Asks: 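Below is one structure. I have some questions about it.
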Amino acid sequence: MIDPKLLRQDPQQVSANLARRGFVFDAERYRALEERRRTLQTKTQELQNERNVRSKAIGAAKRRGEDVESLMVEVARIGDELSMTEEGLAEIQTGLEGIHFELPNLLHPDVPDGEGEEDNPELRHWGGIPTFDFKPRDHVDLGAQLGGMDFEAAARIAGSRFVVLSGQIARLHRALIQFMIDIHTAEHGYTEVYVPYLVNAAALTGTGQLPKFEEDLFKVEHDPAFYLTPTAEVPVTNLVRERIVDGAELPLRFVCHTPCFRSEAGNYGKDTRGMIRQHQFEKVELVQVVRPEESWEALEGLTGHAEVILRRLGLPYRVVALCAGDIGFSSARTYDLEVWLPSQERYREISSCSNFTDFQARRMKARWRNPETGKPELVHTLNGSGLAVGRCLVAILENYQQADGRVAVPEALVPYLGGQRLL
RNA sequence: GGAGAGGUGGCUGAGUGGUCGAAAGCACCCGACUUGAAAUCGGGCAGGGCGCGAGCCCUCGGGGGUUCGAAUCCCCCCCUCUCCGCCA
C-alpha cells in the first residue's frame with residue numbers, strides 16, 4: 001500500500017510514477033473522492049463530539065439527581081443525523097480502501113523504462129556458457145533416459161503441469177533443497193523456518209497477492225477460505241504481521257523451503273513441456289525484514305546470497321533489472337537471476353529478488369520501534385528465491401549432461417549424494 | 001466432532017452501563033542519588049486519523065444490535081487454551 005498521506009498530498013506524483021508501469025491512476029478522481037471523504041469525516045466527527053459531550057452531561061446530571069428527559073430527546077436527534085453521515089462515510093472509506101489495496105508500489109527511480117521482459121537490461125553475468133560437441137538434450141529427454149522423471153504418471157494422478165520424480169532424480173532434487181538451506185543458514189545468517197502451506201486471505205492481502213491476483217491462486221474449499229501458498233514469501237513475510245518488532249532484533253533473515261502452488265491461469269500454452277512451469281514446485285525462499293534505511297543495501301546483499309548458490313553449483317547465469325513494465329505489483333525494485341538453459345539457448349528466470357520497501361509492511365501493519373523516536377514505524381521487507389528448486393534441477397541436468405546422456409554431479413552436491421559423481 | 005474457559009496497551013493483567021482509552025506490575029525513556037553500575041526515588045510512556053495549534057474523532061479479537069451513552073448487555077463469526085472422542 002502506498003502511503004495514504006502521499007496520495008492525499010501529491011496524487012500527481014503518484015500517478016506519474018505508476019504511469020511508468022503502464023498503470024493508470026486517475027489523480028483528479030482520487031482527489032475528488034478524498035475531498036468528499038474529508039467533508040464527511042469532519043461532519044461525522046463534529047456530530048460524534050456533540051453526542052459524546054451531551055451524553056456525558058446526561059451522566060453527570062443523573063448523578064446529581066436532575067431530570068434528564070429533555071436532554072435525552074435532543075441527543076436522540078443527533079444520533080439519527082449521525083448514523084446517516086456515518087453510513088456515507090463508511091461507504092466512501094470502503095471505496096478509498098479498495099483503491100489503496102489495488103495500487104501497485106511506487107518504483108525506485110533507478111528502475112529502467114520498458115514494457116516487458118525483453119526490455120530488462122543485463123547488469124552482470126557469471127560463468128561461461130557451456131559448449132557441447134553434440135546436440136544437447138533438454139531435461140525432459142535426459143530425465144526419460146536416466147529414468148525418474150515421469151510426466152505421464154503425474155498427469156494420471158493430477159493433470160498437466162505436474163511431475164513425478166523418483167530414484168536418483170528425486171534424491172538430487174531433495175539434495176538441492178538441503179544444500180541451499182545449509183548455505184543460507186551457515187554462511188548468510190538466515191534462520192530456517194517451517195510454515196503453513198495453507199494461508200488465509202489476510203496474509204495474502206498483506207504481501208499483495210490479494211485482492212487483485214486471486215485467479216493466480218488455488219483456493220481450498222474451507223470456511224473461512226484457505227489458499228495454497230504460491231510462494232513462501234506469503235507465510236514467512238507475514239511472520240511480522242501486526243507486530244512491533246524490537247529494533248535490536250532487526251534485520252530478521254529467514255530461509256524457508258516450501259512447495260509453491262500456482263494456477264498459471266493465463267499461461268496456457270506457455271512452457272507446456274517439462275518442469276519449467278508447474279502447478280506445484282519447490283522453492284527455497286529468502287526473506288528479510290529490515291530497518292527502512294537499510295533496505296537498499298539489503299537488496300544487494302540478498303541478491304548476492306542467491307547468486308552464491310548458482311556459483312557453487314557452477315551454473316552460468318546473468319542478473320537483470322526488471323523494467324517498469326515487467327516488475328511485480330508489490331515491488332519497488334527487482335533483480336532477476338536467470339540461469340542458462342542449453343536446450344533453449346537462453347537464460348531463464350530462477351530467482352527474483354525484490355525490495356518491497358514499506359508497501360507490504362503497511363498492508364500487514366508490520367512495524368518496529370525506532371529507538372530514536374520511540375515510536376512504532378513501518379519496517380521494510382524483501383525477498384528472493386534462493387533458489388527455485390525445480391528450475392535448478394533442470395539447469396543442472398542440461399548444463400552437466402554428457403554425450404552419452406548421463407549427467408555429472410556438481411562438485412558441491414557430491415557430499416549430498418553420498419559421494420555419487422555421475423547420474 | 002462434543003464440553004468448558006478466554007481474547008484489553010510492547011508484555012502480564014484489573015476493569016462487568018456514564019469523568020475508562022483503561023488500575024497495577026514488567027519493559028522502555030528522562031531526571032535525581034552514585035566515581036560508574038545496580039538498587040532506590042520522581043516523572044513520562046497504546047495505536048491510528050484530522051488540524052498550524054488548542055484540540056477533536058476512532059480503536060479493548062471481527063461484524064451486527066440494544067442504549068442518550070458500550071471494553072462492560074444481546075446476537076453472529078474468527079482465534080487461542082483445557083478436557084473428552086477420533087486420528088497422521
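Remember, it's a predicted structure, so these values are computed and weren't measured experimentally.
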Asks: Checking A:Asp119 side chain against A:Gly116 main chain: does a donor-acceptor pair fall under 3.5 Å?
Replies: yes

Asks: What is the distance, rounded to the nearest whole Å, between atom CE of A:Met72 and atom P of B:rC68?
Replies: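 After rounding, the gap between these two atoms is 5 Å.
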
Asks: Calculate the interatomic distance between A:Asp80 atom CG and B:rU67 atom C1'; express it in whole Å.
Replies: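 About 13 Å, once rounded to whole Å.
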
Asks: Take atom P in B:rG15 and the same atom in B:rG61, then report the distance between them in whole Å.
Replies: 15 Å

Asks: Could you tell me how far B:rU8 sits from B:rG47 if I compare only their C1' atoms? Round to whole Å.
Replies: 13 Å

Asks: In whole angstroms, how far is the P atom of B:rC68 from the CD atom of A:Gln48?
Replies: 17 Å

Asks: Using atom C1' of each nucleotide, how far apart are B:rG9 and B:rC45 to the nearest Å?
Replies: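 The same atom, C1', in both gives a distance of 10 Å.
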
Asks: Taking the same atom, P, in B:rA27 and in B:rU40, what whole-Å distance lies between them?
Replies: 9 Å

Asks: What is the distance, rounded to the nearest whole Å, between atom CD of A:Glu81 and atom C1' of B:rC68?
Replies: 16 Å

Asks: Taking donor-acceptor contacts at under 3.5 Å, does the side chain of A:Lys62 reach the base of B:rG18?
Replies: yes

Asks: Can you work out whether A:Phe226 or A:Arg51 has the more 5'-proximal nearest nucleotide on RNA chain B?
Replies: A:Arg51

Asks: B:rC68, B:rC56, B:rC58: which one has an atom nearest the side-chain heavy atoms of A:Asn49?
Replies: B:rC56

Asks: Classify the ring geometry between A:His188 and A:His305 as parallel (under 30°), tilted (30 to 60°) or perpendicular (over 60°).
Replies: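 A:His188 vs A:His305 ring planes: parallel.
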
Asks: Would you tell me whether A:Asn105 and A:Ser330 have side-chain atoms, one donor and one acceptor, within less than 3.5 Å of each other?
Replies: no

Asks: In whole Å, measure the gap between the C1' atoms of B:rC83 and B:rC74 for me.
Replies: 29 Å

Asks: For the residue pair A:Asn355 / A:Ser295, report whether a side-chain donor-acceptor contact shorter than 3.5 Å exists.
Replies: yes

Asks: Please determine which of A:Val287, A:Leu286, A:Ile183 meets the side-chain contact (heavy atoms from CB on, under 4.5 Å) test together with A:Tyr190.
Replies: A:Leu286

Asks: Please tell me which of A:Val75 and A:His222 maps to the more 5' nucleotide of RNA chain B, matching each residue to the nucleotide holding its nearest heavy atom.
Replies: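 Comparing both residues, the 5'-ward one is A:Val75.
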
Asks: Determine which nucleotide pairs with B:rC41, using a 3.5 Å limit on both distances of a Watson-Crick or G-U wobble pair.
Replies: B:rG31

Asks: If I take atom CG in residue A:Leu82 and atom P in nucleotide B:rA70, what distance separates them, rounded to the nearest angstrom?
Replies: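 Spelled out: CG on A:Leu82 to P on B:rA70 is 11 Å.
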
Asks: If you go through the side-chain atoms of A:Gln41, does one of them form a donor-acceptor pair with the base of B:rG49 closer than 3.5 Å?
Replies: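 No, no donor-acceptor pair under 3.5 Å.
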
Asks: Would you mind reading off the distance between A:Glu242 atom CD and B:rU59 atom P, rounded to a whole angstrom?
Replies: 17 Å

Asks: Taking only the P atom of each, what is the distance from B:rG42 to B:rC33 in whole angstrom?
Replies: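 Approximately 16 Å lies between the P atom of B:rG42 and that of B:rC33.
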
Asks: Would you kindly say whether A:Tyr227 and A:Gln209 are connected by a side-chain donor-acceptor distance under 3.5 Å?
Replies: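 No donor-acceptor contact under 3.5 Å links the two side chains.
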
Asks: Find the partner of B:rA3: check Watson-Crick (N1-N3 plus N6-O4 or O6-N4) and G-U wobble (N1-O2, O6-N3) distances, both under 3.5 Å, and reply none if neither fits.
Replies: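 When the pairing criteria are applied, B:rU82 turns out to be the nucleotide that pairs with B:rA3.
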
Asks: Tell me: CD1 of A:Ile58 to P of B:rG18, nearest whole Å?
Replies: 14 Å

Asks: Please give the distance between the P atoms of B:rG21 and B:rA71 as a whole number of Å.
Replies: 8 Å

Asks: Indicate whether any N or O donor in one side chain lies under 3.5 Å from an N or O acceptor in the other, for A:Thr207 and A:Glu233.
Replies: no

Asks: Could you identify the nucleotide paired to B:rC26, looking across every strand shown and requiring Watson-Crick or G-U wobble geometry with both distances under 3.5 Å?
Replies: B:rG10

Asks: Counting side-chain heavy atoms from CB outward, which of B:rG47, B:rC56, B:rC50 is closest to A:Lys5?
Replies: B:rC50

Asks: Could you tell me the Watson-Crick or G-U partner of B:rC50, where both distances fall under 3.5 Å? Say none if there is no partner.
Replies: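 B:rC50 is paired with B:rG55.
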
Asks: Could you check which nucleotide pairs with B:rA88 in any of the strands shown, counting Watson-Crick or G-U wobble with both distances under 3.5 Å?
Replies: none

Asks: With heavy atoms under 4.0 Å as the rule, sort A:Arg38 into base, sugar-phosphate or nothing.
Replies: sugar-phosphate

Asks: When you get a sec, tell me which of B:rC58, B:rG21, B:rG48 is the closest nucleotide to the side chain of A:Lys56?
Replies: B:rG21

Asks: Have a look at A:Pro376 and say if it touches a base, only the backbone sugar-phosphate, or nothing, with a 4.0 Å heavy-atom cut-off.
Replies: sugar-phosphate

Asks: Just to be sure I understand the rule, does A:Lys375 reach a base, reach only the sugar-phosphate, or reach nothing, if contact means heavy atoms closer than 4.0 Å?
Replies: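 Result for A:Lys375 = sugar-phosphate.
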
Asks: From the list B:rC57, B:rG10, B:rC50, which nucleotide is the closest neighbour of the side chain of A:Asn52?
Replies: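 In terms of side-chain proximity for A:Asn52, the closest of B:rC57, B:rG10, B:rC50 is B:rC57.
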
Asks: Tell me whether the rings of A:Tyr347 and A:Trp340 are parallel (<30°), tilted (30 to 60°) or perpendicular (>60°).
Replies: perpendicular

Asks: Using atom P of each nucleotide, how far apart are B:rU66 and B:rA70 to the nearest Å?
Replies: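 It works out to 11 Å between them.
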
Asks: From B:rC57, B:rG10, B:rC78, pick the nucleotide closest to the side chain of A:Gln45?
Replies: B:rC57

Asks: How close or far is atom C1' of B:rG47 from atom CZ of A:Arg369, stated in whole angstroms?
Replies: 9 Å

Asks: Looking at B:rC68, which nucleotide sits across from it as a Watson-Crick or G-U wobble partner, both distances under 3.5 angstrom, or is there none?
Replies: B:rG18

Asks: Using the side-chain heavy atoms of A:Ser55, tell me which of these nucleotides is nearest: B:rG18, B:rG51, B:rG47.
Replies: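 Looking only at heavy atoms from C-beta outward on A:Ser55, the closest nucleotide is B:rG18.
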
Asks: Using a heavy-atom cut-off of 4.0 Å across all strands, would you classify A:Arg54 as base, sugar-phosphate, or nothing?
Replies: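 Nothing, no nucleic acid heavy atom in range.
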
